[in-house]
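Worksheet: one structure, shown below.
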Amino acid sequence: MKGDHADIPALMTGIGERAREAARTLARATTKQKDAALLSAAMCIRANAGDILEANAADLKAAEDRGLSGALVDRLTLTDERVEAIAKALEDIAALHDPVGTTIAEWDRPNGLHIQRIRTPLGVIGIIYESRPNVTADAGALAMKAGNAAILRGGSEAVRSNHAIHASLVEGLQAAGLPEDAIQLVPVQDRDCVGEMLRGLNGNIDVIVPRGGKSLVARVQEEARVPVFAHLEGICHVYVDRDAELDMAINIVLNAKLRRTGICGAAETLLVDRACANTHLAPIVEALIAEGCEVRVDGEIHLAAKQLKPATEADWFTEYLDNIISVKLVDGVKGAIDHIERYGSHHTECIVTNNAETAGRFFHDIDSAILLHNASTQFADGGEFGMGAEIGIATGRFHARGPVGLEQLTSFKYLVRGDGQTRP
């Protein structure tokens with residue numbers, strides 16, 4: 001499957017057909033088989049770490065030549081520690097409960113029928129992603145553990161890294177006696193491959209998951225003819241309430257913004273209760289500036305710090321994915337809620353307060369996928385939720401919302417057992 005392919009539709013159709021066949025096998029695979037594949041793949045990741053890092057170094061050199069931003073380079077970069085984290089994530093997924101075949105609900109009807117609703121695989125999942133090589137392992141592993149075949153289409157900036165990681169996943173599948181086509185990596189970078197996936201590969205893709213920048217996700221949401229699990233932007237907020245402990249607020253804001261600026265759970269806007277502006281605003285802003293963060297403030301904020309820049313209306317709608325944060329004063333929790341509902345992307349929001357009632361109102365009134373009380377927005381991650389890993393974050397309101405893990409990659413069917421009943 002390597003080399004040039006002039007006939008992209010034929011190439012992608014073949015991938016889809018093989019994925020559908022592999023999905024049928026996976027749907028019948030035992031938990032023991034799937035876990036064996038994951039554990040073998042983890043061993044291969046460690047054994048092939050040198051090759052993976054060598055491939056990543058070549059990708060990083062190409063990224064440098066292309067002038068990619070620091071945030072994108074950070075997403076792309078692999079280290080010994082990050083390769084080990086990839087292997088560990090595979091082991092964590094293997095240790096998770098297999099959702100396939102589990103009973104969601106069951107009940108008896110007055111006529112004696114016994115009804116069960118049980119989890120089943122979705123089928124074939126197409127994942128289109130950029131930059132992060134670890135998505136190759138996370139997405140492939142989660143899809144497979146939930147009984148689904150995966151078709152992976154990574155970005156050109158990580159092409160060598162993705163192929164090196166994928167090779168280890170294939171080794172794991174082979175070792176467990178599962179079909180290699182259960183996790184396929186699209187072998188060419190032609191953009192027409194994405195279009196073919198969005199059209200569903202003749203009915204062989206059941207759902208699409210995009211992970212990448214706004215332009216990629218927007219294209220997927222606009223063009224896909226199959227269901228999509230996605231978020232368009234991660235415009236995440238931290239609201240510091242009048243009852244917030246100052247040291248806690250500083251630590252949370254710094255982590256939420258600066259731990260990794262290029263992830264979708266990074267905070268982009270800081271909202272501060274006007275009632276605590278005199279005590280909390282300056283220390284938080286000064287801490288951000290001291291860590292090299294550019295701070296853009298609304299016209300109401302006047303501080304001695306010379307590094308401040310004025311915020312515009314566009315800033316409240318901006319996902320920076322960089323060392324930049326916008327700051328605004330609001331009238332208490334209601335002001336914060338109103339701002340988030342107007343400008344937010346329904347991804348992740350945090351409130352810092354020691355007032356449980358205020359936190360409860362924040363949780364109740366904001367319609368975002370993930371809400372946190374006294375914890376960094378950077379916990380918006382399937383691994384941190386105990387899901388082992390995630391295939392992405394979904395902000396829609398159907399089926400999957402928040403981190404998309406094993407359970408979200410299943411559907412269900414009804415099993416109805418009787419003893420001769422007929423309907424009158």
Do you know which two heavy atoms are closest between [X] and [Y], and how far apart they sit?
| X | Y | value |
| --- | --- | --- |
| Ala230 | Val217 | CB-CG1, 4.0 Å |
| Leu409 | Leu122 | O-CG, 3.3 Å |
| His114 | Glu106 | NE2-OE1, 2.8 Å |
| Ala158 | Leu76 | CB-CD1, 3.6 Å |
| Ile15 | Gln184 | O-NE2, 3.0 Å |
| Gly234 | Glu268 | O-CG, 3.7 Å |

I'd like to know whether [atom1] of [X] has more than 12 heavy-atom contacts from other residues, nucleotides or ligands below 6.0 angstrom.
| X | atom1 | value |
| --- | --- | --- |
| Met43 | CE | no |
| Glu54 | CD | no |
| His97 | NE2 | yes |
| Glu313 | CD | yes |
| Arg260 | CZ | yes |

Is there side-chain contact between [X] and [Y], with heavy atoms separated by less than 4.5 Å?
| X | Y | answer |
| --- | --- | --- |
| Leu271 | Val238 | no |
| Leu68 | Glu157 | yes |
| Val170 | Leu185 | no |
| Leu254 | Ile250 | yes |
| Arg153 | Met197 | yes |
| Cys264 | His231 | yes |
| Pro187 | Leu11 | yes |
| Ile52 | Ile45 | yes |

Verify the distance criterion only: is there a donor paired with an acceptor across the side chains of [X] and [Y] at less than 3.5 Å?
| X | Y | value |
| --- | --- | --- |
| Glu349 | Ser368 | yes |
| Asp322 | Thr261 | no |
| Gln307 | Glu294 | no |
| Tyr129 | Thr136 | yes |
| Thr312 | Asp315 | yes |
| Glu291 | Asn323 | no |
| Arg417 | Gln116 | yes |
| Glu81 | Thr79 | yes |
| Asp419 | Gln421 | yes |
| Thr120 | Ser411 | no |
| His347 | Glu233 | no |

**Message:** Tell me whether Arg119 forms a cation-pi arrangement with Phe412, defined as NZ or CZ under 6.0 Å from the six-membered ring centre and within 45 degrees of its axis.
**Reply:** no
Taking only Lys NZ, Arg NE, NH1 and NH2, and the carboxylate oxygens of Asp or Glu, determine whether [X] and [Y] approach each other closer than 4.0 Å.
| X | Y | result |
| --- | --- | --- |
| Glu196 | Arg199 | yes |
| Lys61 | Glu64 | no |
| Arg82 | Asp74 | yes |
| Asp98 | Lys32 | no |
| Glu91 | Arg46 | yes |

**Asked** How far apart are the C-alpha atoms of Arg401 and Asp367, what are their side-chain angles, what is the distance that settles it, and do they pass the salt bridge (Lys or Arg N to Asp or Glu O under 4.0 Å) test?
**Response** CA-CA 11 Å; Arg401 201 171 196 215; Asp367 184 29; 3.1 Å; yes
Has the side chain of [X] got a donor or acceptor atom that lies under 3.5 Å from a matching backbone atom of [Y]?
| X | Y | value |
| --- | --- | --- |
| Glu341 | Asp338 | no |
| Thr269 | Trp316 | no |
| Asn148 | Gly123 | yes |
| Gln378 | Ala256 | yes |
| Ser345 | Ile235 | yes |
| Arg117 | Ala105 | no |
| Ser40 | Ala37 | no |
| Tyr239 | Val333 | yes |

**Prompt:** Which class fits the ring pair His339 and Tyr343: parallel under 30°, tilted 30 to 60°, perpendicular over 60°?
**Reply:**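 Plane angle between 30° and 60°, so tilted.
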Please report, to 0.1 Å, the donor-acceptor pairs under 3.5 Å made by any side chain of residues 382-390, with sequence neighbours excluded.
{"unit_1": "Glu390", "atom_1": "OE1", "unit_2": "Gly382", "atom_2": "N", "d": "2.5"}

**Message:** So, applying side chain to side chain donor-acceptor pair (under 3.5 Å) with Ser161, which one of Thr77, Asn56, Asn134 is it?
**Reply:** Asn56
**Asked** Is there a salt bridge (Lys or Arg N to Asp or Glu O under 4.0 Å) between Lys334 and Asp241 once you walk through the steps?
**Response** CA-CA 11 Å; Lys334 183 182 184 304; Asp241 181 62; over 6 Å; no
**Request:** Please test Asp206 against Arg20 for salt bridge (Lys or Arg N to Asp or Glu O under 4.0 Å), starting from the C-alpha separation and ending with a verdict.
**Result:** CA-CA 10 Å; Asp206 296 292; Arg20 178 63 68 194; 2.9 Å; yes
